[in-house]
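Written out below as C-alpha cells is the structure these notes cover.
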Amino acid sequence: MDPILLLTQALNGLQLGVMLFLMAAGLTLVFGIMGLINLAHGSLYMAGAYAMAAVFAWSGSFLAGLAAAVAAAALLGVAIEMAALRLLYRRDHLDQVLATFGLILFFNELARIIWGPAAIFVTVPAALSHTVEILPGAPYPAYRLVVIAAGVAVAAGLYLLIARTRLGMLIRAGASNRTMVSALGVDIGRLYTAVFALGAGLAALAGAMAGPILSVEPGMGEPVLILTLVVIVVGGIGSIRGAFAAALLIGFVDTIGRAFLPALLRDLLAPSAANAVGPALASMLIYLTMAVVLAIRPQGLFAARTG
Amino acid sequence: MTPLLSVRGLVRRYGALVAVDHVEFTVLPGEVHAVIGPNGAGKSSFLALLAGEARPDAGEIEFAGTNITRLPAFARARLGIARAFQITAVIPDFPVLQNAVLAVLASVGRGFGMGRAAMHDPVLLDGARRLLARVGLAAQESRLAGDLAHGAQRQLELAMALAGRPRLLLLDEPIAGTGPEESRAMVALLQSIRQAPGERPGIVLVEHDLEAVFALADRITVMAEGRVIACDVPDRIRADAAVRAAYLGDDAR
Amino acid sequence: MPRAALWAILLAMAVLLPFAADLAGQGYYVGFATRVAIFAIAALSLDLILGYGGLVSLGHAAFLGIGAYSVGIWTSHGVTAAPVHWATALAAGGLFALVTGLIALRTAGVAFIMITLAFAQMLFFLAVSLKAYGGDDGLTLWDAARLGPLDLSDDRTLYWVAIAWLVLFLLLGRHLVASRFGLVLQGARSNERRMRALGFDIRRHRLLAYVLSGMAASIAGCLLAHMTDFVSPAYMSWQRSGELVVMVLLGGIGTLHGAILGAAVLLILEEVLAGLTQHWMLILGAILVAMALVARRGLHGLLAALRGRR
Ligand SMILES: Nc1ncnc2c1ncn2[C@@H]1O[C@H](COP(=O)(O)OP(=O)(O)O)[C@@H](O)[C@H]1O
Ligand SMILES: [Mg+2]
C-alpha cells in the first residue's frame with residue numbers, strides 16, 4: 001500500500017470525522033438533555049452553508065462568512081426551538097419525528113425558493129487555495145488542513161465548555177437530572193434554548209466549512225444527518241465523548257474503505273467481480289460497522305446514563 | 001428442606017454506589033420471607049436482580065436447583081418466578097379483562113399464536129375471569145386498567161402474577177400507599193395465597209407496612225445501605241437492637 | 001349500518017372504480033388509485049409495527065426498494081412472471097427485516113428510529129453502486145410482468161391486482177392484531193416490563209412483526225415497479241420512509257384501515273398542493289409541523305373527537 005496515499009486518505013478521514021463530530025455534538029446534546037430527536041438538524045447545517053455562501057460572495061471575506069453562518073443558524077435554531085420544538089420535549093418520539101420531518105421539507109423548499117434548485121459552488125478562500133507538502137512528495141490542500149485544525153480546536157473548546165464552565169455544569173447536570181437543575185434556580189427553558197443554539201451553531205460551522213468541499217444545494221443536510229445518526233448510535237446516544245470517538249471511527253472507515261477496499265478486493269477476487277462488489281461494499285461499510293458495534297454493544301461505545 | 005431460592009454474594013453497583021452489597025438470602029418452599037429496610041436500602045434493586053431485570057456485578061442466584069444468574073427476565077418468569085412492581089405495572093390502556101387474558105396467555109401458550117384469536121378464546125376468557133374473581137375485580141372487567149383505583153390496580157397486578165401458578169412471588173411494597181380498607185384486603189389476599197391448597201408459592205415480600213410484615217412473614221431480612229444487617233424470625237427481629245437502631249427506631253417513633 | 005355492510009360497499013366501490021373512471025372519461029384516475037392502493041399496502045404494513053408494536057421505523061421505504069428491485073433484476077434477466085418477482089420480494093424483504101431487526105431490536109426507542117433509517121440508507125447506496133442495474137439513474141423495465149394470462153402493464157389489471165393484495169393484507173392484518181400474537185405485541189407497546197415479567201419474549205414477537213411487515217411492504221414495492229416500469233434508488237430514499245410514517249399518522253395510528261385513509265389523503269394532498277404551486281413541499285412541511293403540534297391522533301382521532309362531541 002502506498003504510504004503517501006494512506007496518509008492523504010487518513011487526513012481525509014480525519015476531516016470527515018471532525019465535520020461529523022460538529023454535527024453529532026449538537027444532536028446528541030439535544031437528545032441527551034431534552035430528549036428530542038431533531039431530524040431537522042441537517043437543515044441547520046444547510047442554513048450554515050447557504051449563509052456562508054451568500055455572505056462570502058457579498059463581502060469577499062471567508063471569516064465574515066463563517067461568523068455569519070454560525071450566527072444565522074444559531075438564531076434560526078432559537079426561532080425553531082421557541083416556536084415549535086420546545087412543545088415537543090416531553091412528547092412521544094413519533095410527534096418529534098413528524099414535526100422535524102415537516103421542518104426538513106419546509107426548509108429544503110425554502111432554500112429552493114431563495115437560492116434555486118441548482119448547486120452553488122463556493123470557492124476556497126484565496127489564502128488557503130494552495131497545497132502544503134505534508135511529506136516530501138505528498139501535497140495536501142491547505143484548506144482541508146485548516147478545516148481539520150478548526151474542527152479539533154472546536155472539539156477541544158467544547159470539552160472545556162462542558163467540563164469547566166457553569167453552562168457546562170448545567171448541561172451535565174441536565175443530562176442526568178432535570179429536577180436538580182431546576183432546584184438550582186436555573187430557568188430550564190433558557191438552558192434548553194441555549195443548548196439548542198449551541199448545537200445549531202456547531203452544525204452551521206460544519207455546513208459552512210463543507211461549502212468549498214461539497215456543493216451547496218437544497219437537501220444537502222440529510223445525507224450528512226443520516227451519517228450523523230450513525231455516529232450517534234455507534235457512540236452511544238447522548239454521549240459527547242462517544243460522539244467524538246464514533247465520528248472519527250466513521251470518518252476513517254468511510255474514507256479508507258472507499259479508497260482501499262476496491263483495490264484490496266481486486267487482489268482477492270476476479271477483476272469483474274471485484275469491480276462490481278468493491279464500490280458496493282465500500283458504500284455500505286459504515287453501516288456494516290454500525291451493525292457490528294451494535295451487535296456487540298447495543299448501547300453504543302460509550303453509553304450515557306440518560307433516560 | 002432445600003431452599004427454593006438461594007442467593008450467594010449478590011452485588012449490584014450503580015457507578016460508585018453499591019446498591020446491593022454481597023447479599024446472602026434464601027426462600028424455602030411455601031415460605032414468606034419479608035425484606036424490610038429504610039428507603040434506598042436496595043430492596044427494589046435486589047428484587048430486580050432476582051427477577052432478571054438487572055444483571056448482578058457478582059454473585060449467584062439458584063432457583064429450584066437451576067442456576068438462573070444469567071437468564072433474562074422472561075425466561076425466569078417461565079420457570080415460575082412472578083412479580084409485582086413497586087410502581088404498579090399493569091397494561092393501562094387495556095381493559096381489566098384483557099390484562100387478565102394476557103396473564104393467562106403467558107401461562108398457557110409458548111408459540112406465537114398467530115392463528116388463534118385472543119379475546120374470543122373460551123380457555124383464556126374463563127381463566128381470566130376466574131383470576132379476576134379471586135381478587136374481587138370481576139365486576140370491573142371492562143374498565144380500562146389505568147382507570148382503576150390504585151389499590152385495585154395492585155390487586156389486578158397481583159392477579160396477573162398469580163395466573164401462571166408461580167413457585168416464587170416477588171412483591172415490591174404491595175400494601176404501601178393504599179388506604180386502610182384496601183390494605184386490609186391485600187393482607188387477606190396474601191394470606192389466602194399462602195394457604196391456598198396445592199399452590200403455596202414462596203414469597204419475597206418487600207414492604208414498609210410493618211404490621212402487615214409481622215402478620216405475614218415467616219422470616220424477615222433487614223437491609224440497610226445494600227447490606228443484610230439481620231435475618232431472623234419476626235419475634236427476634238422485633239427485639240434486635242441493631243435493627244431498631246437502623247430502621248425500626250425512626251419508624252416506631 | 002353494520003360494519004360488514006359498510007366494508008362490502010367500500011370494496012364494491014373500489015372494484016368498480018375503473019368503470020366509473022371510464023364513464024367519466026378520466027382514465028388517469030385508475031393509475032392514481034393504483035398508487036394509493038400500493039402506498040396503502042406499505043403504510044398498512046408499517047402500522048403493524050408502528051401502531052401495534054410501538055416501533056417507530058424510519059426506514060420502511062427500504063422494503064419498497066427491495067420489492068422494486070426484485071422485479072427490476074428479474075425482468076432485466078428476462079423473467080417476467082410476477083409470482084417469481086413476488087416470491088423473491090417476500091423472501092428478500094423478510095430476510096432483510098430479519099437481519100436488520102435482530103440488530104435494531106437489541107436497542108429500544110429512539111435508537112430504533114435511527115438504526116432503521118441507517119439500514120435503509122445502506123440499501124439506498126447499495127442500489128446506487130449496482131451499476132449493472134442502472135446505479136444512480138435507475139433501470140427501465142422494457143418487458144411487462146405477467147400473471148398467468150394477465151398482462152400487468154394494463155392499468156386496470158394492475159389496479160385490481162393491487163386492490164386484491166391490499167384486501168388480503170388488510171384481512172391478514174386484522175386477523176393478526178386480534179390474535180394472541182397481536183395481543184402480546186400491543187401489551188408490549190404499552191408496558192414492556194410487565195410483559196417480560198409475565199414471561200413473554202418480547203423481542204421475538206417484535207422481530208416476527210417486523211419481518212411480516214417488511215414482507216408486506218416488499219409486495220408494495222413490486223407493485224410500484226409494475227406500475228412505473230422503472231426502478232431506482234429513489235424508491236428507498238429517506239423521504240419515502242418519512243412519507244409512509246406520515247400516512248400512518250395522518251389516517252390514525254394503530255387502526256390498519258387508517259393507514260389506507262392516510263395514504264389516500266397524503267397522495268391527494270400532494271396532488272392538490274402541487275397543482276397550486278411548484279413549491280408545495282413548503283406547505284406540506286408546515287402542515288406536518290402543525291399536525292404534530294396540535295392534531296396528534298390524525299384524521300381518525302379528529303373524526304372520533306367530532307363524533308364524541310356530537
Ligand atoms: N437505575 C439506577 N441508577 C442509579 N442508581 C440507582 C438505580 N436504581 C437504584 N439506584 C440507587 O440504588 C439505591 C437503592 O435503591 P432501591 O433499590 O430503589 O432502594 P429501596 O427499594 O430499598 O428503597 C438508591 O440509592 C438508589 O438511588
Ligand atoms: Mg423500593
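A, B, ... follow the sequence lines: proteins, then strands. Residue 1 opens every chain. Computed from heavy atoms alone, side chains included, the values below leave out hydrogens, waters and symmetry copies.
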Exercise. Locate the shortest heavy-atom distance separating L293(C) from A84(A); write the atom from each residue and the value.
Key: CD2-O, 3.8 Å

Practice problem: Under 4.5 Å, heavy atom to heavy atom: which of residues 118-129 of chain C reach chain A? Give them by number, or say none. | Solution: A118(C), F119(C), Q121(C), M122(C), F125(C), L126(C), S129(C)

Self-check item: Contact origin within I226(A) toward chain C - heavy atom pairs under 4.5 Å
Solution: side chain

Quiz prompt | Under 4.5 Å from a heavy atom of chain C, the part of M290(A) involved | solution = side chain

Practice problem: Select one option (side chain, backbone, both, neither) describing which atoms of I113(A) are under 4.5 Å from chain C's heavy atoms. | Solution: both

Self-check item: Atom group of I283(C) that falls short of 4.5 Å from chain A, counting heavy atoms
Solution: neither

Exercise. Can you tell which part of I80(A) gets under 4.5 Å to a heavy atom of chain C, answering side chain, backbone, both or neither?
Key: neither

Practice problem: Look at atom CZ of R112(A) and say whether more than 12 heavy atoms of other residues, nucleotides or ligands are closer to it than 6.0 Å. | Solution: yes

Practice problem: Report the distance from atom CZ of F106(A) to atom CG of L284(C), rounding to the nearest 0.5 Å. | Solution: 12.0 Å

Quiz item: Minimum heavy-atom separation for Q239(C) to F101(A), with atom names?
Solution: O-CZ, 3.6 Å

Quiz prompt | Contacting region of L103(A) [heavy-atom separation from chain C under 4.5 Å] | solution = both

Practice problem: Can you tell which part of L130(C) gets under 4.5 Å to a heavy atom of chain A, answering side chain, backbone, both or neither? | Solution: neither

Self-check item: Contacting region of L227(A) [heavy-atom separation from chain C under 4.5 Å]
Solution: neither

Self-check item: Atom group of L281(A) that falls short of 4.5 Å from chain C, counting heavy atoms
Solution: neither

Quiz item: Quick one: does T107(C)'s side chain get under 4.5 Å of V233(A)'s, heavy atoms only?
Solution: no

Exercise. Could you tell me which portion of L102(C) (side chain, backbone, both or neither) has an atom closer than 4.5 angstrom to a non-hydrogen atom of chain A?
Key: neither

Exercise. Against chain A, work out which of L282(C), V289(C), L288(C), I115(C) has the most heavy-atom pairs shorter than 4.5 Å and name it.
Key: L282(C)

Self-check item: Intermediate values then yes/no, side chain to side chain contact (heavy atoms under 4.5 Å, CB included), V245(C) and L98(A)
Solution: CA-CA 8 Å; V245(C) 173; L98(A) 181 65; 5.7 Å; no

Quiz prompt | Spacing of L94(A) atom CG and L50(C) atom CG [to the nearest 0.5 Å] | solution = 5.0 Å

Quiz item: Above 12 or not: heavy atoms from other molecules or residues under 6.0 Å from CD of Q278(C)?
Solution: no

Quiz item: Which heavy-atom pair separates A291(A) from I103(C) by the least distance, and what is that distance?
Solution: CB-CD1, 3.6 Å

Quiz item: Nearest 0.5 Å, what's the CG-CG distance between L249(C) and D95(A)?
Solution: 7.5 Å

Exercise. Nearest 0.5 Å please: distance from the NE2 atom of H93(A) over to the CG atom of L58(C).
Key: 13.0 Å

Exercise. Would you give the length of the straight line joining atom CZ of R106(C) to atom CG of L294(A), rounded to the nearest 0.5 angstrom?
Key: 8.5 Å

Quiz item: What do the steps show when you test V230(A) against M114(C) for side chain to side chain contact (heavy atoms under 4.5 Å, CB included), and what is the final call?
Solution: CA-CA 7 Å; V230(A) 172; M114(C) 302 184 188; over 6 Å; no

Quiz prompt | Approximate separation, where rounding is to 0.5 Å, of F107(A) CZ and M281(C) CE | solution = 14.0 Å

Quiz prompt | Portion of I287(C) that has a non-hydrogen atom of chain A nearer than 4.5 angstrom | solution = neither

Self-check item: Contact class of V110(C) relative to chain A, heavy atoms under 4.5 angstrom
Solution: both

